[in-house]
Engineer: 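My questions all concern the structure below.
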Amino acid sequence: MGFFKRAGNRKKHAEEAEQFLFEGEKLQSTYGLLVDFVAFTSHRILFVDKSVLSKSKSVVVSIPYGKIEEIAIEKTGFFSVSNNIEITTKKETHSLTFLKDTNVMEVYRDLAKRIC
C-alpha cells in the first residue's frame with residue numbers, strides 16, 4: 001500500500017509476479033494498485049482480484065492482450081483523470097484502482113499500445 005517507497009514496491013511486485021510467468025515470458029512493468037499490483041508481461045496482463053465478500057480470498061487474474069476488447073479510463077474533469085482503468089473482455093469487466101501517485105495516463109497508454 002502507500003506505506004512503502006514506490007521503488008521498493010515495484011521490486012516486491014516484480015518478485016511476486018515472477019512466480020506466475022511461463023518459460024520465455026518476460027515481465028515488462030508493474031504498477032501499484034490500491035490493494036495490490038498489476039503486471040504487464042510480454043504476453044498478458046496479471047493482477048490480483050481481491051474478493052469483495054471475503055478479505056482472505058484473492059484470485060490472480062491473467063488476461064492475454066488479444067482477449068481484451070476494450071479499456072476505459074475515467075475522466076472526472078477537464079484535465080483531471082481519476083485513478084481507475086476498466087478492462088473489458090467477452091467474459092467480464094475488471095476495474096483496476098491505482099494508488100493516487102500513479103500516473104494513470106502512463107498505464108493507460110502502456111496498455112493501449114499492447115492491445116492495438
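Quantities reported herein were computed from a predicted structural model and do not represent experimental measurements.
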Engineer: Within the side chain of S62, is there an N or O that forms a donor-acceptor pair under 3.5 Å with the backbone of L46?
Structural biologist: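 No, the answer is negative, given that no donor and acceptor are paired below the 3.5 Å cut-off.
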Engineer: Calculate, to the nearest 0.5 Å, the distance between atoms CD and CD1 belonging to E74 and I85 respectively.
Structural biologist: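 Separation between the atoms: 10.5 Å.
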Engineer: Quick one: pull up OG in S42 and CG in L21 and give me the separation to the nearest 0.5 Å.
Structural biologist: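 The CG atom of L21 is 7.5 Å from OG of S42, to the nearest 0.5 Å.
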Engineer: Same cluster or not: are I68 and Y108 linked, directly or through other Ile, Leu, Val, Met, Phe, Trp or Tyr residues, by side-chain heavy atoms under 4.5 angstrom apart?
Structural biologist: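 In one cluster: yes.
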Engineer: What's the separation between atom CD in E70 and atom CD1 in I115, rounded to the nearest 0.5 Å?
Structural biologist: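 Output value for this atom pair is 9.0 Å.
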Engineer: Which heavy atom in I73 sits nearest to a heavy atom in M105, and how many Å separate them?
Structural biologist: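 Closest approach of I73 to M105, heavy atoms only: CD1-SD, 3.6 Å.
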Engineer: Is there a donor-acceptor contact under 3.5 Å from the side chain of Q19 to the main chain of E16?
Structural biologist: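 Yes, Q19 side chain to E16 backbone: donor-acceptor pair under 3.5 Å.
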Engineer: So V48 and V61, side-chain contact (heavy atoms from CB on, under 4.5 Å) or not? Walk me through it.
Structural biologist: CA-CA 6 Å; V48 177; V61 178; over 6 Å; no
Engineer: I need the minimum non-hydrogen distance between S29 and R114, along with the two atoms involved.
Structural biologist: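 Closest pair (atom of S29, atom of R114, distance): OG-NH2, 4.0 Å.
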Engineer: Sequence neighbours left out, what passes side chain to side chain donor-acceptor pair (under 3.5 Å) with S95? Give chain and number order.
Structural biologist: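 Here no residue qualifies.
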Engineer: side-chain contact (heavy atoms from CB on, under 4.5 Å) for T30 and V38? Distances and angles first, verdict last.
Structural biologist: CA-CA 6 Å; T30 64; V38 62; over 6 Å; no
Engineer: Could you tell me whether the side chains of E69 and T89 share a donor-acceptor contact shorter than 3.5 Å?
Structural biologist: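 No.
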Engineer: T41 and E25: which non-hydrogen atoms are nearest, and at how many Å?
Structural biologist: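 Reported closest heavy-atom pair: OG1-OE2, 2.6 Å.
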Engineer: Just do the side-chain contact (heavy atoms from CB on, under 4.5 Å) check on L33 and L99 with the steps written out, would you?
Structural biologist: CA-CA 5 Å; L33 296 175; L99 297 172; over 6 Å; no
Engineer: Taking side chain to side chain donor-acceptor pair (under 3.5 Å) as the definition, give me every residue that meets it alongside E86, ordered by chain and number, with sequence neighbours left out.
Structural biologist: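 Testing E86 for side chain to side chain donor-acceptor pair (under 3.5 Å), a comparison that skips the adjacent residues, returns none.
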Engineer: Report the C-alpha separation of L96 and N84 in whole Å, then their side-chain angles, then the decisive distance to 0.1 Å, and conclude whether the side-chain contact (heavy atoms from CB on, under 4.5 Å) test is met.
Structural biologist: CA-CA 6 Å; L96 305 178; N84 295 324; over 6 Å; no
Engineer: Among the clusters formed by ILVMFWY side chains lying less than 4.5 Å apart, do F37 and L27 turn up in the same one?
Structural biologist: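 As far as the 4.5 Å side-chain criterion goes, L27 and F37 are not connected within one cluster.
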Engineer: Quick one: ring-ring contact (aromatic ring centres under 6.0 Å, His included) partners of F40, sequence neighbours excluded?
Structural biologist: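 Only Y31 meet the ring-ring contact (aromatic ring centres under 6.0 Å, His included) criterion with F40.
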Engineer: Look at the rings of F47 and H94 and say which category their plane angle falls in: under 30° parallel, 30 to 60° tilted, over 60° perpendicular.
Structural biologist: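 Plane angle over 60°, so perpendicular.
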Engineer: What's the separation between atom CG in N103 and atom CG in D110, rounded to the nearest 0.5 Å?
Structural biologist: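 Answer rounded to 0.5 Å: 10.5 Å.
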Engineer: Taking all atoms of both residues into account, what is the closest heavy-atom pair of I45 and L111, and its distance?
Structural biologist: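 The answer is CD1-CD1, 4.4 Å.
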Engineer: Can any side-chain N or O of E18 pair as donor or acceptor with the backbone N or O of E15 at less than 3.5 Å?
Structural biologist: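 No, E18 side chain to E15 backbone: no donor-acceptor pair under 3.5 Å.
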Engineer: Establish, from distance only, whether the side-chain atoms of N83 and T97 form a donor-acceptor pair under 3.5 Å.
Structural biologist: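 No, no side-chain donor-acceptor contact under 3.5 Å.
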Engineer: Verify whether the ring centers belonging to H43 and Y65 lie closer than 6.0 Å.
Structural biologist: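 Not under 6.0 Å, so no.
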Engineer: As an exercise, state the distance from CZ of F20 to CZ of R44, rounded to the nearest 0.5 Å.
Structural biologist: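 Output value for this atom pair is 9.0 Å.
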